[in-house]
Amino acid sequence: MLLLLESFGRGGAERVVLTTVAALDRTRFRPEVVHLFAPDGLAEECRALGVEVHGLGLRGPEDLVKGILAVRRMLRTRPGAVVHTH
């Protein structure tokens, strides 16, 4: 399961993602967080839960195609993945 969001700072959506991955049944789901832009303030808290965090490091809208292609590559290596966007 990929949880995709703009950044992984300390805002509300980011806290929702952290709460979600903490509560997921790990026998059924292998959550990974993907954030497009910096900052990644909650990344370490997420990793402490055993969740991979992928920062794509996009600089702005001009990198959007780069981000789409990166997520597409991730999905190709994870057949049947659920993508939850925020």
Side-chain angles (χ1 to χ4, degrees):
M1 169 184 254
L2 294 179
L3 293 101
L4 180 67
L5 64 164
E6 183 180 339
S7 71
F8 206 34
R10 298 197 174 272
E14 295 84 350
R15 288 273 174 207
V16 168
V17 168
L18 189 61
T19 302
T20 300
V21 298
L24 282 173
D25 179 352
R26 299 302 171 86
T27 64
R28 299 181 61 208
F29 300 100
R30 185 177 150 249
E32 296 177 64
V33 173
V34 180
H35 62 91
L36 305 177
F37 306 100
D40 63 354
L42 292 179
E44 286 310 312
E45 290 180 53
C46 202
R47 288 185 184 108
L49 295 171
V51 176
E52 276 189 71
V53 178
H54 309 276
L56 299 185
L58 305 184
R59 294 177 306 242
E62 66 276 5
D63 285 344
L64 190 55
V65 171
K66 175 183 165 185
I68 290 168
L69 294 175
V71 172
R72 181 177 161 198
R73 279 191 300 277
M74 293 175 119
L75 291 173
R76 284 188 171 166
T77 63
R78 295 157 180 85
V82 172
V83 178
H84 187 170
T85 61
H86 295 269

Quiz item: Would you say E14's side chain and G11's backbone share a donor-acceptor pair under 3.5 angstrom?
Solution: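 Side chain of E14 to backbone of G11, a donor-acceptor pair under 3.5 Å: yes, one is there.
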How close do [X] and [Y] get, counting heavy atoms only, and between which atoms?
X	Y	answer
P31	L24	CB-CD1, 3.8 Å
V21	R26	O-NH2, 2.7 Å
F8	A43	CD2-N, 3.5 Å
A38	S7	O-CB, 3.6 Å

same_hphob_cluster([X], [Y]) at 4.5 Å side-chain heavy-atom cutoff:
X	Y	result
V83	L56	yes
L5	M1	yes
V51	V82	yes
V17	V34	no
V33	F29	yes

Exercise. Report the distance from atom CG of L18 to atom CG of L3, rounding to the nearest 0.5 Å.
Key: 10.5 Å
Self-check item: Interatomic distance, L36 atom CG to I68 atom CD1 [nearest 0.5 angstrom]
Solution: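 Taking CG in L36 and CD1 in I68, the distance rounds to 9.5 Å.
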Practice problem: May I have all residue pairs that pass ring pair (Phe, Tyr, Trp, His ring centres under 6.0 Å) and include part of residues 61-86, sequence neighbours excluded? | Solution: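 Matches after skipping sequence neighbours: H84-H86.
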Quiz prompt | Pairwise side-chain contact, V53 with L42, heavy-atom cut-off 4.5 Å (strictly under) | solution =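 Of all side-chain heavy-atom pairs linking L42 with V53, none is under 4.5 Å.
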Practice problem: List in chain and number order the residues that pass salt bridge (charged side-chain N to carboxylate O under 4.0 Å, His left out) with E6, two or more places apart in sequence or in another chain; answer none if no residue qualifies. | Solution: none
